[in-house]
Trainee: 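Okay, handing you the structure first.
The model shown is predicted, which means the values in this text are computed figures rather than measured ones. Chain letters run A, B, ... following the sequence lines, proteins first, then strands; residues in each count from 1.
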Amino acid sequence: MYDLRVLRDDLDMLRDRLGPRGKDVAWEDLRRLTEDRRARTVQVEDLRHQLKKGSEEVARLKRDKQPAEDAMAAMKALGETIKGYEEQLRLVEEQLAHVALRMPNLPHSSVPEGQDAADNVEVRRWGTPPSLSGPAQSHWDLGEALGILDFDRAVRMAKARFAVLTGMGARLERALINYMLDMHTTQHGYREVLPPLLVNRATMTGTGQLPKFEDDLFQLRDEELFLIPTAEVPLTNLHREELLAEETLPVRYTAYTPCFRREAGSYGKDTRGLIRLHQFNKVELVVFTKAEHSYEELERLTAHAEAILQGLGLHYRVITLCRGDMGFSAAKTYDIEVWLPSQKVFREISSCSNFEAFQARRANIRWRPKAGKKDAKSEFVHTLNGSGLAVGRTLVAILENYQQPDGTVSIPPALQPYMGGLERIRKE
RNA sequence: GGAGGGGUGACGGAGUGGCCGAACGUGCCGGUCUUGAAAACCGGAGACGGGGUAACCUGUCCGCGAGUUCAAAUCUCGCCCCCUCCGCCA
């Protein structure tokens with residue numbers, strides 16, 4: 001969501017800088033609607049002013065025991081006129097909101113140009129691929145052979161794109177969650193949150209999932225509640241409609257939650273294994289900060305996510321998403337991709353973004369300058385979030401990168417305390 | 001789910017349909033006093049938007065949305081939320 005003034009005064013700049021991201025925007029409608037809104041607003045406000053003055057005059061006449069019938073009749077007529085004008089203004093504002101809420105965020109100037117994933121730019125790599133003696137097995141083959149992954153039964157009780165973890169598979173998932181949360185809370189300064197998994201429409205609109213992406217969400221039948229597609233939604237909306245004190249910033253939250261996604265439009269992609277499920281676990285990081293610090297916070301947040309992979313000894317790289325590949329709400333995004341030896345590719349395991357004020361404006365999250373500053377006006381915060389990390393994909397990475405020639409999987413040392421000291425997963 | 005009570009500014013809490021953007025208190029800011037601070041006293045300040053180079057003018061906001069009225073924080077209706085009691089329940 002943009003400042004209406006930007007939409008009105010800098011529309012050409014916006015159109016130019018959005019580039020391919022703005023191809024679906026109805027630019028000429030927008031131009032007409034913002035102008036129309038301004039003209040009608042001025043008109044309605046002037047009429048309302050007349051009505052207020054007229055009503056005060058009625059009050060004065062009545063106090064002075066003077067006849068007020070004429071004034072009252074005039075105000076009644078004026079009131080009817082205003083209703084008509086207001087209705088037209090309301091229609092214009094509705095149309096404007098319809099367009100404005102569907103406009104993607106403006107990419108930061110450091111974001112590379114480009115159309116799709118092929119134009120993303122690698123920033124750095126960490127570690128090296130594991131040296132496996134033979135060809136790497138896929139995580140689904142390994143997991144099913146070890147008896148810790150079960151896709152067939154998940155399909156029977158739910159449908160495709162669900163999975164069951166059992167035994168040491170379930171234990172490994174839980175160990176990863178705890179490992180991640182412990183590191184973020186004790187080493188990186190985040191406050192742990194356990195939020196609702198169902199949220200309302202206003203909350204989904206605040207972070208940008210609605211109105212444009214309703215098809216991607218699971219929704220309840222009997223009530224207007226949605227299953228969260230990421231903990232970003234409840235964490236960012238923790239402070240919706242709030243005014244944060246300057247001295248509390250930056251505010252950092254972390255949460256483990258299941259995430260639910262329809263995955264509409266991804267038919268045929270990643271149909272096997274744990275990579276793309278309707279339900280998956282994720283540990284999320286969210287930061288609220290002042291505008292002037294948001295880009296250093298993005299670097300910090302990304303480093304926090306990387307620290308998990310480093311602790312687990314997993315080879316990865318960081319890329320900057322190009323304009324065309326970024327999400328709707330983001331101004332800049334780093335993806336962290338972990339090495340998967342069975343496919344010999346890097347796969348996304350975390351996505352860290354600065355949303356600048358895009359979400360804050362939708363959700364009305366501001367900060368108040370420390371008391372005492374002259375002419376201090378509240379400002380929108382900048383919001384950031386990143387996966388720290390996608391738990392299921394981390395489990396995939398461990399199975400594949402730590403697989404042994406005999407089909408067992410060794411446990412990274414940092415994780416062993418969380419696995420009851422277990423050093424290796426064997427067939428159960 | 002049923003009955004009753006309630007939602008007001010950063011917070012607490014008043015408010016007879018017109019003089020209410022809203023008493024009072026806390027907190028905040030400036031000042032006096034003090035070596036400094038506290039206390040006390042004096043003074044100041046709501047949020048968001050529109051127009052204007054500016055001074056300034058102006059609109060909206062008392063949970064949300066409709067309605068009644070010349071005029072709504074105040075009256076009516078619907079919805080949401082909170083509290084208490086009852087029922088149900090992990």
Side-chain angles (χ1 to χ4, degrees), chain A residues 1-11 31-94 96-97 100-101 194-206 210 220 222-226 234 237-249 251 258 288 357 359-381:
Chain A
M1 185 75 155
Y2 295 93
D3 189 336
L4 282 181
R5 227 169 322 183
V6 171
L7 291 185
R8 201 187 62 211
D9 299 337
D10 297 317
L11 201 62
R31 191 183 306 279
R32 179 177 54 76
L33 288 166
T34 50
E35 281 305 327
D36 207 19
R37 188 191 87 98
R38 169 155 71 167
R40 288 178 191 278
T41 300
V42 170
Q43 190 179 30
V44 165
E45 287 187 0
D46 182 56
L47 290 171
R48 280 195 194 135
H49 181 62
Q50 289 179 37
L51 185 72
K52 285 178 92 165
K53 292 295 168 215
S55 293
E56 283 168 23
E57 177 65 9
V58 170
R60 194 187 62 76
L61 288 171
K62 292 203 163 186
R63 266 199 303 277
D64 295 349
K65 307 287 189 218
Q66 299 286 316
E69 284 70 27
D70 289 352
M72 283 169 66
M75 287 309 105
K76 189 176 176 66
L78 183 57
E80 295 303 321
T81 307
I82 291 177
K83 269 187 192 152
Y85 282 102
E86 282 178 335
E87 174 62 12
Q88 289 176 37
L89 175 61
R90 195 188 62 74
L91 285 173
V92 169
E93 288 183 328
E94 207 169 80
L96 185 56
L101 280 172
L194 192 63
L197 307 180
L198 300 177
V199 300
N200 59 33
R201 180 171 289 274
T203 295
M204 283 294 186
T205 305
L210 291 178
L220 297 203
D222 297 325
E223 274 192 87
E224 192 162 71
L225 288 172
F226 302 84
N237 279 282
L238 269 178
H239 293 301
R240 184 157 59 85
E241 308 291 343
E242 287 185 18
L243 201 49
L244 305 175
E246 180 175 14
E247 49 271 29
T248 64
L249 298 174
V251 177
F288 301 82
Q359 294 178 327
R361 193 171 280 113
R362 286 171 163 252
N364 193 23
I365 308 169
R366 290 171 294 146
W367 62 275
R368 167 197 300 284
K370 272 201 195 78
K373 290 192 178 171
K374 277 284 177 206
D375 301 321
K377 290 217 47 138
S378 61
E379 288 178 40
F380 289 116
V381 298

Trainee: Please report the C-alpha distance between K83(A) and E86(A) in whole Å, then the side-chain angles of each, then the deciding distance to 0.1 Å, and finally whether the salt bridge (Lys or Arg N to Asp or Glu O under 4.0 Å) criterion is met.
Mentor: CA-CA 5 Å; K83(A) 269 187 192 152; E86(A) 282 178 335; over 6 Å; no

Trainee: Compare every heavy atom of A202(A) with every heavy atom of N237(A), then report the nearest pair and how far apart it is.
Mentor: OD1-O, 4.5 Å

Trainee: Quote, to the nearest angstrom, the P distance that separates G67(B) from U84(B).
Mentor: 36 Å

Trainee: Would you list the protein and nucleotides 68-71 of chain B atom pairs, both N or O, that sit under 3.5 Å from each other?
Mentor:
unit_1 : atom_1 : unit_2 : atom_2 : d
C70(B) : OP2    : K76(A) : NZ     : 2.9
C70(B) : O4'    : M72(A) : O      : 3.2
C70(B) : O2'    : S55(A) : OG     : 3.0
C70(B) : N4     : K62(A) : NZ     : 3.4
A71(B) : O4'    : S55(A) : OG     : 3.2

Trainee: CD of E246(A) versus C1' of C29(B): gap in Å, rounded?
Mentor: 15 Å

Trainee: May I have the distance from L4(A) (atom CG) to G50(B) (atom C1'), rounded to whole angstrom?
Mentor: 11 Å

Trainee: Please state how far atom CG in L61(A) lies from atom P in C19(B), giving the value in whole angstrom units.
Mentor: 15 Å

Trainee: Using atom names, set out every protein N or O paired with an N or O of nucleotides 54-60 of chain B below 3.5 Å, distance rounded to 0.1 Å.
Mentor:
unit_1 : atom_1 : unit_2 : atom_2 : d
U58(B) : O3'    : H49(A) : ND1    : 3.0
G59(B) : OP1    : H49(A) : ND1    : 2.8
G59(B) : O2'    : R48(A) : NH1    : 3.1
U60(B) : OP2    : K52(A) : NZ     : 3.0

Trainee: For R5(A) and R63(A), find the nucleotide of RNA chain B closest to each by heavy atoms; which residue's nucleotide sits nearer the 5' end?
Mentor: R63(A)

Trainee: Under 4.0 Å between a side-chain N or O of R38(A) and OP1 or OP2 of G49(B)?
Mentor: no

Trainee: Atom CG of L7(A) and atom P of G49(B): how far apart are they, to the nearest Å?
Mentor: 14 Å

Trainee: For E35(A) and G51(B), give me the distance from atom CD to atom P, rounded to whole Å.
Mentor: 10 Å

Trainee: Give the rounded distance in Å between these two atoms: CG of L96(A) and P of G49(B).
Mentor: 15 Å

Trainee: Could you tell me whether a side-chain N or O of D64(A) sits under 3.5 Å from a main-chain N or O of Q66(A), the two making a donor and an acceptor?
Mentor: no

Trainee: Out of curiosity, E379(A) CD to L244(A) CG, how far, rounded to the nearest 0.5 Å?
Mentor: 12.5 Å

Trainee: Between the side chains of R90(A) and E94(A), is the shortest nitrogen-to-carboxylate-oxygen separation below 4.0 Å, so that they form an ion pair?
Mentor: yes

